[in-house]
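Here the structure comes first, spelled out in structure tokens, and everything after it is commentary.
All residue numbers refer to positions in the sequence shown, counting from 1.
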Amino acid sequence: MADSLQSTFERIQISEEDLSGAGSSEVNIPILSKSLDATSQSVKLRDISPVCVLVVGMAGSGKTTLMAALQRSLGVPAEAGDDGEQDDKNEENSEPIGYCLNLDPATVLVPFGASIDIRDTVDYKEVMKQHRLGPNGAIMTSLNLFATKFDQVITILDKRAYKSESKTNETPSTSDETAPPSACKALDYILVDTPGQIEAFTWSASGSIITSALASSFPTVLAFVVDTPRCAASLNTFMSNMLYACSMFYRTRLPLVVVFNKCDVSSGEVCMEWMSDYEKFQEAMDDFMDSDASGYYASLTRSMSLVLDEFYQTLHRVCVSAATGDGIGEFWEVVKKAADDFEEDYVGDLKCRVEEQKARKRALAKDGLNRLKKDLDSEKEESSN
């Protein structure tokens, strides 16, 4: 029996090259393919792919109103059958094109045109009734149900994000007379509005699935909306928001933009100064503690400010007013910078994780081969004795 096993093993002829190939199977991650295409064309990733902006924030911070303001600053995507006419209008206006998604199943009124709406798929009230859930439980269950079909959403986004550009109207050259159509970007931004209960999205399994699916297909940026008047009025509230931003940044690994909203009511320059100048924050902290706010929490805030000072250097920030539209142009500029960070940091980290997975598979294959050799040798020794 040992001789037959040995002969079978020799016929297999597994080499080190075969083992290296065992872990080199291509992992189909669209964002890596797009990154390679961008490198080959010597352009940035956001030049060939739309940027996905996930709008998150505490309840009442103005996420949905900001979504409406952002959509008004963008062009309308072409509908099926009207591609040429709508493209001509967009070229004349030279506006970037946006595509909006609504992931809040409990909202009653959406003040922006959502091309994909979770409410069309999941009935929030019916979920709450059938499963006997409260408001937050029904939101999470609705997101879980929607996440099971999110691959179909990605397919729709891929179809709308790119368009075929044939060269039939151009005079063909002798060297490239039969050039195939090339895909070019049809959308510039994909905006995603999330539930008002931020923890239902950022700390749930469905939220992680949706975020990872979008980040594996498009350059993705988190836009964390902050209620500026409340932060400027209380250092405790400001620090709480910064801690939440820190937790989301490390949980998702995505570049994060802190959006100080409602700047028409209270200027966000104060909060931005606290983030950029540690001494200014300490001075404000001294004034805050001199009032009736001294105590353990104030001491904790002072300690945390020193820890988060280094964290602030990795954050992008901008002041906007969703009500008046002020700062929307600056917002898009900051999003572009964050998208460049995605290409440099997130894609690079993803490549490393893929290589680690391949190396792990090669190590497992090599270990299995060594154990097989050892078993064959022991069988051969036993048979000879």
According to a hydrophobic-cluster definition based on side-chain heavy atoms being under 4.5 Å apart (Ile, Leu, Val, Met, Phe, Trp, Tyr only), do [X] and [Y] belong together?
{"X": "Ile198", "Y": "Ile118", "value": "yes"}
{"X": "Ile156", "Y": "Leu103", "value": "yes"}
{"X": "Leu74", "Y": "Leu54", "value": "no"}
{"X": "Leu101", "Y": "Leu143", "value": "yes"}
{"X": "Val257", "Y": "Phe342", "value": "no"}

Is it true that [X] and [Y] have a side-chain N and a carboxylate O under 4.0 angstrom from each other?
{"X": "Glu333", "Y": "Lys336", "answer": "yes"}
{"X": "Arg371", "Y": "Asp367", "answer": "yes"}
{"X": "Asp349", "Y": "Arg353", "answer": "yes"}

Handout entry: Distance flag, aromatic centroids of Phe249 and Phe311, threshold under 6.0 Å
Key = yes
Problem - Ring centroid separation Tyr189 to Trp332 under 6.0 Å - result: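 Tyr189 vs Trp332: aromatic centres under 6.0 Å.
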Would you say [X]'s side chain and [Y]'s backbone share a donor-acceptor pair under 3.5 angstrom?
{"X": "Ser49", "Y": "Leu45", "result": "no"}
{"X": "Thr148", "Y": "Leu145", "result": "yes"}
{"X": "Asn241", "Y": "Thr237", "result": "yes"}
{"X": "Asn144", "Y": "Met140", "result": "yes"}
{"X": "Thr65", "Y": "Gly62", "result": "no"}
{"X": "Lys262", "Y": "Thr228", "result": "no"}
{"X": "Glu343", "Y": "Ala339", "result": "no"}
{"X": "Ser216", "Y": "Ala213", "result": "yes"}
{"X": "Lys185", "Y": "Arg46", "result": "yes"}
{"X": "Glu273", "Y": "Lys280", "result": "no"}

Practice task
Output, in order, the C-alpha distance, side-chain angles, deciding distance and verdict of side chain to side chain contact (heavy atoms under 4.5 Å, CB included) for Leu256 and Met248.
Solution key: CA-CA 8 Å; Leu256 190 141; Met248 287 191 299; 4.3 Å; yes
Would a 4.5 Å heavy-atom cut-off, applied to side chains only, mark [X] and [Y] as touching?
{"X": "Asp227", "Y": "Asn261", "result": "no"}
{"X": "Phe238", "Y": "Thr301", "result": "no"}
{"X": "Val110", "Y": "Arg119", "result": "yes"}
{"X": "Cys263", "Y": "Val320", "result": "no"}
{"X": "Ile190", "Y": "Val51", "result": "no"}
{"X": "Asp193", "Y": "Lys63", "result": "yes"}
{"X": "Lys358", "Y": "Val354", "result": "yes"}
{"X": "Lys351", "Y": "Leu32", "result": "yes"}

When rounded to the nearest 0.5 angstrom, what is the spacing between [atom1] in [X] and [atom2] in [Y]?
{"X": "Ser115", "Y": "Arg160", "atom1": "OG", "atom2": "CZ", "value": "7.0 Å"}
{"X": "Thr155", "Y": "Lys149", "atom1": "OG1", "atom2": "NZ", "value": "12.0 Å"}
{"X": "Leu308", "Y": "Met239", "atom1": "CG", "atom2": "CE", "value": "5.5 Å"}
{"X": "Gln313", "Y": "Ser276", "atom1": "CD", "atom2": "OG", "value": "8.5 Å"}
{"X": "Asp309", "Y": "Glu279", "atom1": "CG", "atom2": "CD", "value": "9.5 Å"}
{"X": "Met242", "Y": "Cys231", "atom1": "CE", "atom2": "SG", "value": "6.0 Å"}

Tell me, yes or no, whether the heavy-atom count around [X] atom [atom1], taken from other residues, nucleotides or ligands under 6.0 Å, exceeds 12.
{"X": "Lys159", "atom1": "NZ", "result": "no"}
{"X": "Arg230", "atom1": "CZ", "result": "no"}
{"X": "Glu310", "atom1": "CD", "result": "no"}

Exercise for the section: Would you tell me whether Asp326 and Ser321 have side-chain atoms, one donor and one acceptor, within less than 3.5 Å of each other? Expected result: no
Exercise for the section: Tell me yes or no: between the side chains of Thr324 and Asp264, is some donor less than 3.5 Å from an acceptor? Expected result: no
Practice task
For the pair Ser305 and Tyr278, evaluate side chain to side chain contact (heavy atoms under 4.5 Å, CB included) and give the outcome as yes or no after the intermediate values.
Solution key: CA-CA 8 Å; Ser305 64; Tyr278 176 74; 3.8 Å; yes
Shortest non-hydrogen contact between [X] and [Y], atoms and distance:
{"X": "Ala147", "Y": "Ser206", "result": "CB-CB, 3.9 Å"}
{"X": "Ala322", "Y": "Arg72", "result": "O-NH2, 3.8 Å"}
{"X": "Val53", "Y": "Ala223", "result": "CG1-CB, 3.9 Å"}
{"X": "Val127", "Y": "Ala138", "result": "CG1-O, 4.0 Å"}
{"X": "Ala215", "Y": "Leu254", "result": "CB-CD2, 3.9 Å"}

Practice task
Can you label the angle between the Trp203 ring and the Tyr244 ring as parallel, tilted or perpendicular, going by 30° and 60°?
Solution key: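 Ring orientation, 0 to 90° scale: perpendicular.
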Practice task
Could you tell me how the ring of Phe146 sits relative to the ring of Phe150: parallel (under 30°), tilted (30 to 60°) or perpendicular (over 60°)?
Solution key: perpendicular
Handout entry: Lys44 and Asp340: CA distance, side-chain angles, deciding distance, salt bridge (Lys or Arg N to Asp or Glu O under 4.0 Å) verdict
Key = CA-CA 7 Å; Lys44 295 181 178 179; Asp340 294 339; 3.3 Å; yes
With [X], the side-chain contact (heavy atoms from CB on, under 4.5 Å) member among [options]:
{"X": "Phe201", "options": "Asp104, Ile139, Thr194", "value": "Thr194"}
{"X": "Tyr99", "options": "Val76, Leu191, Asp188, Ile116", "value": "Ile116"}
{"X": "Cys52", "options": "Thr220, Leu157, Leu187", "value": "Thr220"}

Practice task
Please confirm whether Arg317 makes a cation-pi placement over Phe331, using NZ or CZ under 6.0 Å from the six-membered ring centre and within 45° of the ring normal.
Solution key: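 Pair Arg317/Phe331 does not count as cation-pi.
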Practice task
Tell me, please, whether Phe218 has Lys34 positioned over its six-membered ring: NZ or CZ under 6.0 Å from the ring centre and within 45 degrees of its axis?
Solution key: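 Flagged: Lys34 positioned over aromatic ring of Phe218.
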Exercise for the section: In sequence, state the C-alpha distance, the side-chain angles, and the governing distance for Asn102 and Phe112, and then conclude on side chain to side chain contact (heavy atoms under 4.5 Å, CB included). Expected result: CA-CA 9 Å; Asn102 173 48; Phe112 58 89; 4.3 Å; yes
Exercise for the section: Using the side chain to side chain contact (heavy atoms under 4.5 Å, CB included) rule, take Val225 and Phe260 through it: C-alpha gap first, then chi angles, then the decisive distance, then the call. Expected result: CA-CA 6 Å; Val225 185; Phe260 290 102; over 6 Å; no
